[in-house]
Amino acid sequence: MQARFITVNNIRTRYLTAGDPSNTPLLMVHGRILSAEHWFCNIDALGQDFYVVAADTLGSGFTGPADFSKGLHPVEQRVDHLEALVDKLGFGEFYASGSSHGALLSTLLHLRMPDRLTKLVVNGSAAFASPELLADSVDATLQRDDPRIGKLSLRDWHDWMRGYVYDPGCLPDAAFTPVMTAYAQDWVMDCWRESLKGHKEMAKRPDLRIGHRLDQIKADTLLVWGRDDAGAPLSDAEPLVAGIARAKLEVFDNCGHMPMMEHPDRFNAVVRDFLMRRSR
C-alpha cells in the first residue's frame, strides 16, 4: 500500500493505492466520518487482483480544503470530484466499493457512467433511506459528536467506534492514527458539519437520492451487511435486494457497520469472488 497525492479540480487529493495499474481499477469510497483508512485491512489484499484506489473524498481526510457552505450540494461536489479523479487516473471500465455514505456516492457515480462503472459493492448503508430518516440521523450526529469529534485522542477514537462494531478488538490503531491527524486540520470540521447539514436538504434533491431509482442501477451489485449493524439495520437491505435487478446480499454474523474491518479475510474473499465472476 502506498499513499499518493494528485491535484483534481485544483484540490489536493490523497489516495491509498495497491496493485498493478494494468488490472481493472477498484475505487473504494469511505463513509462520512473516516478517511481512506476505512479500507486499511483490504487494500493490499484486493490489490493482488485489482488496481485499488481508496481516495479521501472531497472535504475528508487529506483531500481539501473544500468549501461546502456555498455552491453545489456537498454530495454533488463529492461525486463531481470522484468523477474527475477517475478521469484523471485514466480509468476505463472500473468497479467501486462504497461504505455507508460512500455507498451513496459510488452509486450516484454509477448512474452517471453506467457503461464504465460496471460492478458495485454496497456496504451497510443507511444513505438509501428516506430523507426524513436521514435528517433525524444528522440531528443526532451533530448533537452527539460536534465538536467532540475534532478533539478525539487515539484511545477516544477506539471508544467512539464501539457503537459501530460488534467487537471493538478488531479495530487497528494504524487505521485511526491518520484519521485523528486529519481532524487536526483547521478546515476539516467545517467540511464535516456542512456535509452533514447537506443531508437535511435531501428531501429537496431527488436527483441525489437513490431509493426511488433502484431500477436504474444496471451494475452487478453485491450488498454486504452486518447482521448486528445498529446504524443501518439489515432490514434496510431488503428493498435494495428487491429493487436492484442484479443484486446479491451477503450477510455477516457477529458484525456491525464495518465488515471490512470486523471480518477482513472473509470480506476480501467475498468481494474478490464477486468482482472476478463473469457478469450476468
Side-chain angles (χ1 to χ4, degrees), residues 1 3 14-19 25-57 60-61 82 94-107 109 119-128 157-158 160-179 182 220-234 236-237 240 247-276:
M1 182 194 315
R14 187 193 71 142
Y15 64 96
L16 305 178
T17 186
L26 171 59
L27 178 69
M28 308 193 83
V29 188
H30 62 83
R32 70 186 182 190
I33 293 174
L34 299 183
S35 56
E37 279 74 20
H38 198 119
W39 310 102
F40 180 82
C41 301
N42 321 113
I43 294 170
D44 280 331
L46 292 172
Q48 295 175 24
D49 299 285
F50 307 97
Y51 174 43
V52 176
V53 170
D56 291 339
T57 60
S60 301
L82 289 173
F94 69 101
Y95 309 144
S97 176
S99 180
S100 196
H101 177 65
L104 172 66
L105 300 179
S106 56
T107 304
L109 188 62
K119 290 190 178 184
L120 280 172
V121 183
V122 172
N123 302 276
S125 180
F128 296 83
W157 271 104
H158 275 271
W160 184 79
M161 288 296 297
R162 287 177 181 272
Y164 290 86
V165 297
Y166 184 84
D167 176 12
C170 73
L171 300 172
D173 281 350
F176 292 98
T177 303
V179 176
D220 288 351
T221 303
L222 175 66
L223 307 168
V224 178
W225 236 268
R227 192 177 298 278
D228 305 286
D229 190 339
L234 184 56
D236 284 358
L240 304 185
K248 172 189 175 184
L249 176 63
E250 190 80 24
V251 179
F252 283 44
D253 292 327
N254 299 325
C255 183
H257 196 56
M258 306 284 289
M260 64 292 299
M261 281 190 186
E262 297 180 67
H263 300 280
D265 291 341
R266 181 185 171 197
F267 178 89
N268 294 334
V270 166
V271 170
R272 180 185 292 110
D273 179 68
F274 166 74
L275 294 179
M276 296 189 77

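Bear in mind that the values here come from a model prediction, so they are computed numbers and not experimental data.
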Smallest heavy-atom separation, Asp167 atom then Glu262 atom, equals N-OE1, 4.2 Å
d(Trp225 CH2, Asp236 CG) to nearest 0.5 Å is 6.0 Å
Audit row: Thr177, Trp157, side chain to side chain contact (heavy atoms under 4.5 Å, CB included) steps and yes/no: CA-CA 9 Å; Thr177 303; Trp157 271 104; over 6 Å; no
- Message: Given 3.5 Å as the limit, does a donor-acceptor pair link the side chain of Lys119 with the main chain of Tyr95, or not?
- Response: no
NE2 (His101) and NE2 (His30) are apart, to the nearest 0.5 Å, by 8.5 Å
Practice problem: Taking the side chain as every heavy atom from C-beta outward, state whether Leu16 and Glu37 have any atom pair closer than 4.5 Å. | Solution: yes
Exercise. Evaluate side chain to side chain contact (heavy atoms under 4.5 Å, CB included) for Asn123 paired with Phe267, printing each intermediate quantity in order.
Key: CA-CA 10 Å; Asn123 302 276; Phe267 178 89; 3.0 Å; yes
Using 30° and 60° as the class limits, which term best fits the ring planes of Tyr164 and Trp160: parallel, tilted or perpendicular?
tilted
One should read off an interatomic distance between Leu223 CG and Lys248 NZ, to the nearest 0.5 angstrom, of 10.5 Å
Hey, does Asp220 have a side-chain heavy atom less than 4.5 Å from the side chain of Phe274? yes
Hey, does the side chain of Thr107 reach the backbone of Ala103 with a donor-acceptor pair shorter than 3.5 angstrom?
-> yes
- Message: A side-chain contact here means heavy atoms from C-beta on lying under 4.5 Å apart; do Leu120 and Ser106 qualify?
- Response: yes
- Task: Using a 4.5 Å cut-off on heavy atoms from C-beta on, say whether the side chain of Met261 contacts that of Leu171.
- Result: yes
Between Trp39 and Ala54, the two heavy atoms sitting closest are CD1-CB, 4.0 Å
Just list the side-chain donor-acceptor pairs under 3.5 Å for residues 251-258, sequence neighbours left out, or say none.
residue: Asp253; atom: OD1; partner: Arg227; partner atom: NE; Å: 2.4
residue: Asp253; atom: OD1; partner: Arg227; partner atom: NH2; Å: 3.3
residue: Asn254; atom: OD1; partner: Tyr166; partner atom: OH; Å: 3.3
residue: His257; atom: ND1; partner: Gly124; partner atom: O; Å: 3.4
residue: His257; atom: ND1; partner: Asp229; partner atom: OD1; Å: 3.2
residue: His257; atom: ND1; partner: Asp229; partner atom: OD2; Å: 2.7
residue: His257; atom: NE2; partner: Ser100; partner atom: OG; Å: 3.1

Taking every heavy atom of Gly61 against every heavy atom of Ser35, the minimum-distance pair comes out as CA-CB, 3.8 Å
Donor-acceptor pairs under 3.5 angstrom involving side-chain atoms of residues 40-49: please list them, not counting sequence neighbours.
residue: Asn42; atom: ND2; partner: Met260; partner atom: O; Å: 3.1
residue: Asn42; atom: ND2; partner: Asn268; partner atom: OD1; Å: 2.9
residue: Asp44; atom: OD1; partner: Met1; partner atom: N; Å: 2.7
residue: Asp49; atom: OD2; partner: Arg272; partner atom: NE; Å: 2.6

Worksheet item: Just wondering, do Val121 and Val270 contact through their side chains at under 4.5 Å, heavy atoms?
Response: no
d(Leu240 CG, Leu249 CG) to nearest 0.5 Å is 9.0 Å
CE of Met28 to NE2 of His38, rounded to nearest 0.5 Å, is 8.5 Å
